[in-house]
Amino acid sequence: MKLTILGGGGFRVPLVYGALLTDRAEGRVTEVVLHDLDDSRLYAVAKVLEEQAARVPDAPKVTATTDLDEALRGADFVFSAIRVGGLEGRAHDERVALAEGVLGQETVGAGGIAYGLRTVPVAVDIARRVARLAPDAWVINFTNPAGLVTEAMSRHLGDRVIGICDSPVGLGRRIARVLGADPKEAWIDYVGLNHLGWVRGLRVAGRDELPRLLADPDLLGSFEEGKLFGVDWLRSLGAIPNEYLHYYYFNREAVRAYQQAEKTRGAFLADQQARFYEEMKRPDAAALTTWDRTRAEREATYMAENRETAGAGERDADDLSGGYEKVALALMRAIARDERTTLILNVRNQGTLSVLDTDAVIEVPCLVDANGAHPVAVAPLPEHATGLVCAVKGVEREVLAAAESGSRTTAVKAFALHPLVDSVNVARRLVEGYTDVHPGLAYLK
Ligand code: G6P
Ligand code: MN
């Protein structure tokens, strides 16, 4: 089986390859094609993969190319993990927004809109090429903002594109753990959009254990979301929000913390990763060790500003292992080998949330088998959550419309309608600011 990874020179590709190396079963991936626009990044990552594969018998063969069409031909699965504009672009997304006093984050608020506006045209081009060159391939989208980008691609690929994120899985795992339950045996009642969802229940042996957690302040305050949101707020909500909702519920504090930080997340990662790729150019570089050290530092500092404003302290050691590569592998196995399983994925709504139309991509538990991912019916969201979900989906639709038409006016509308952008004038200046710094937004007229 052939797996093509777009953004194949990306830093997190070794996580995916490491997961593939653990798969010994019949029908596993035997061939990995890395595609990237940048040769030197491909070279660096290939070096890490080579060290990972040493001593593993029958490790999947790795090739690399900068030719997109060549990479796509004959692929059974395509992982799309691109970063349009690179981490420098991410840093610009943050800076322009923060200068206007609004959130600059790669997936939430103004920063997410800017990143979406840059990424959607590229993702659509990829989707069109996949439809032409590898019509039977399944596309697993990792690219952020994942829900929006998946929806853009689904307009060309239908249900053959599925978006993934590790944050709902991580959240479910943490809740199960504090309740003393086995995450594999728990049913996690989670729904929303990507980075905008809530756990409303967690069933073990047919019983909802979430009320037990909400009733116990010590348990509730003992894990990441409890520390981030605070026990009282979680009890008021009666649900556990995805960590990204911290940017909504504590927006003022998050914006201030990001403004005061020495470096934004994007700027920090841009420097950190530049050092890694530079190091990989040395012939004697210890590729795997250097990569792993860099990865550990990246994970330890994830959402550091949010945790600091909440006084949440360091991340739990158990939360440092990431996990989105595991979601991707489980999804690929379920489809390729009809290994039926349940995963929280970004798929078309198809009536799951009655307030959204059938084509809206949502994040929801899905049954997965050889026929793809099938969203499971869920209880409706409470009004406050429905309001946010509908507002943000409305914004995503404006982003998609702007990307399709190239209309600057529509781009302004997207920013202005976001709940975290507080004035139409701010939206206008954001479009000015972003088009000034991003060549990838030159299409907006
Ligand atoms: C989480 C999110 C991802 C994000 C990742 C890395 O896993 O769900 O969408 O890409 O964190 O964030 P970072 O700030 O390290 O790039
Ligand atoms: Mn994510």
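On a predicted model such as this, the values are computed, not experimentally measured, just so you know.
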Exercise. If we ignore angles and hydrogens, is there a donor and acceptor under 3.5 Å between the side chains of Asn349 and Thr358?
Worked result: no
Exercise. Do the side chains of Leu210 and Ile175 get nearer than 4.5 Å, heavy atoms only?
Worked result: yes
For this session: Grab the two heavy atoms, one from Thr309 and one from His246, that are nearest each other, plus how far apart they are.
Result: OG1-CE1, 3.5 Å
For this session: Might you point out which heavy atoms bring Pro241 and Leu234 nearest each other, and give the distance in Å?
Result: CD-CD2, 3.3 Å
Exercise. Does Val361 offer a backbone N or O that forms a donor-acceptor pair with the side chain of Lys393 under 3.5 Å?
Worked result: yes
Problem set entry | Approximate separation, where rounding is to 0.5 Å, of Leu196 CG and Tyr248 OH | 5.0 Å
For this session: Heavy atoms only: give me the nearest Ala373-Cys366 pair and the separation to one decimal.
Result: CB-CB, 4.0 Å
Exercise. Any luck finding a side-chain donor-acceptor pair between Tyr258 and Asn306 under 3.5 Å?
Worked result: yes
Exercise. Can you find a pair of side-chain heavy atoms, one from Ile240 and one from Leu214, that are under 4.5 Å apart?
Worked result: yes
Exercise. Is there a donor-acceptor contact under 3.5 Å linking the side chains of Asp369 and His374?
Worked result: yes
Problem set entry | Euclidean distance, Leu87 CG relative to Gln273 CD, rounded to 0.5 Å | 5.5 Å
Exercise. So Arg118 and Asp93, salt bridge (charged side-chain N to carboxylate O under 4.0 Å, His left out) or not? Walk me through it.
Worked result: CA-CA 10 Å; Arg118 291 207 311 283; Asp93 287 341; 2.7 Å; yes
Exercise. Have Arg408 and Thr435 got a donor and an acceptor in their side chains that come within less than 3.5 Å?
Worked result: yes
Exercise. Between Asp125 and Arg129, is a salt bridge (charged side-chain N to carboxylate O under 4.0 Å, His left out) present by the stated rule, with each step listed?
Worked result: CA-CA 6 Å; Asp125 176 60; Arg129 282 171 202 252; 3.0 Å; yes
Seminar exercise, completed: In this structure, CG of Leu148 is separated from OG1 of Thr143 (nearest 0.5 Å) by 11.0 Å
Exercise. Which atoms form the tightest heavy-atom contact between Gly10 and Arg41, and what is the distance?
Worked result: CA-NH2, 3.6 Å
Exercise. Ion pair present between Glu325 and Arg12, side-chain N to carboxylate O less than 4.0 angstrom?
Worked result: no
Problem set entry | Heavy atoms of other groups near Lys413 NZ, more than 12 under 6.0 Å | no
Exercise. Can you name the closest pair of heavy atoms from Leu400 and Ala152 and give their distance?
Worked result: CD2-CB, 3.5 Å
For this session: Indicate whether any N or O donor in one side chain lies under 3.5 Å from an N or O acceptor in the other, for Thr107 and Gln105.
Result: yes
Exercise. Between Asp319 and Arg177, is a salt bridge (charged side-chain N to carboxylate O under 4.0 Å, His left out) present by the stated rule, with each step listed?
Worked result: CA-CA 11 Å; Asp319 295 336; Arg177 205 165 51 213; 3.1 Å; yes
Exercise. Any side-chain heavy atom of Glu279 sitting closer than 4.5 Å to one from Phe276?
Worked result: no
Exercise. For Glu308, does the CD atom have more than 12 heavy-atom neighbours from other residues, nucleotides or ligands under 6.0 Å away?
Worked result: no
Problem set entry | Non-hydrogen atoms of Gly104 and Leu98 that approach each other most closely | N-CD2, 4.1 Å
Exercise. Could you give the distance from CG (Leu34) to CG (Asp36), rounded to the nearest 0.5 Å?
Worked result: 8.5 Å
Exercise. So Trp233 and Tyr249, would you call those rings parallel, tilted or perpendicular, with 30° and 60° as cut-offs?
Worked result: perpendicular
For this session: Test salt bridge (charged side-chain N to carboxylate O under 4.0 Å, His left out) on Glu314 and Arg307 and set out the steps.
Result: CA-CA 8 Å; Glu314 306 273 291; Arg307 273 182 286 113; 5.8 Å; no
Exercise. Strictly by modelled atom types, are Glu94 and Thr264 linked by a side-chain donor-acceptor pair under 3.5 Å?
Worked result: yes
Exercise. Side chain to side chain donor-acceptor pair (under 3.5 Å) between Arg275 and Thr294: does it pass, once the steps are laid out?
Worked result: CA-CA 9 Å; Arg275 282 196 300 277; Thr294 313; over 6 Å; no
Exercise. Would you call Trp138 and Asp76 a side-chain contact if the rule is heavy atoms closer than 4.5 Å?
Worked result: no
Problem set entry | Close side-chain approach of Leu20 and Leu3, heavy atoms under 4.5 Å | yes
For this session: With rounding to the nearest 0.5 Å, note down the distance linking OG in Ser407 to CG in Leu444.
Result: 7.5 Å
Exercise. Is Glu278 salt-bridged to Lys281, going by a charged N under 4.0 Å from an acidic O?
Worked result: yes
Exercise. His35 versus Ile5: any side-chain heavy-atom pair under 4.5 Å?
Worked result: no
Exercise. Any side-chain heavy atom of Tyr247 within less than 4.5 Å of one from Met303?
Worked result: yes
Exercise. How about Val124 and Met153: do any of their side-chain heavy atoms sit closer than 4.5 Å?
Worked result: no
For this session: Decide whether Tyr190 and Glu363 meet the rule of one side-chain donor and one side-chain acceptor closer than 3.5 Å.
Result: yes
Problem set entry | Straight-line distance of His195 NE2 to Asn346 CG, nearest 0.5 Å | 8.5 Å
Exercise. With a cut-off of 6.0 Å (strictly less than), are more than 12 heavy atoms of other residues, nucleotides or ligands near CD of Gln272?
Worked result: yes
Exercise. Using 30° and 60° as the class limits, which term best fits the ring planes of Phe11 and Trp291: parallel, tilted or perpendicular?
Worked result: tilted
Problem set entry | Side-chain donor-acceptor pair present, Asp38, Ser40, cut-off under 3.5 Å | yes
For this session: Please answer whether the main-chain N or O of Leu420 pairs with a side-chain N or O of His418 as donor and acceptor at a distance below 3.5 Å.
Result: yes
For this session: Please determine, by modelled atom types, if Arg348 and Thr150 share a side-chain donor-acceptor pair under 3.5 angstrom.
Result: no
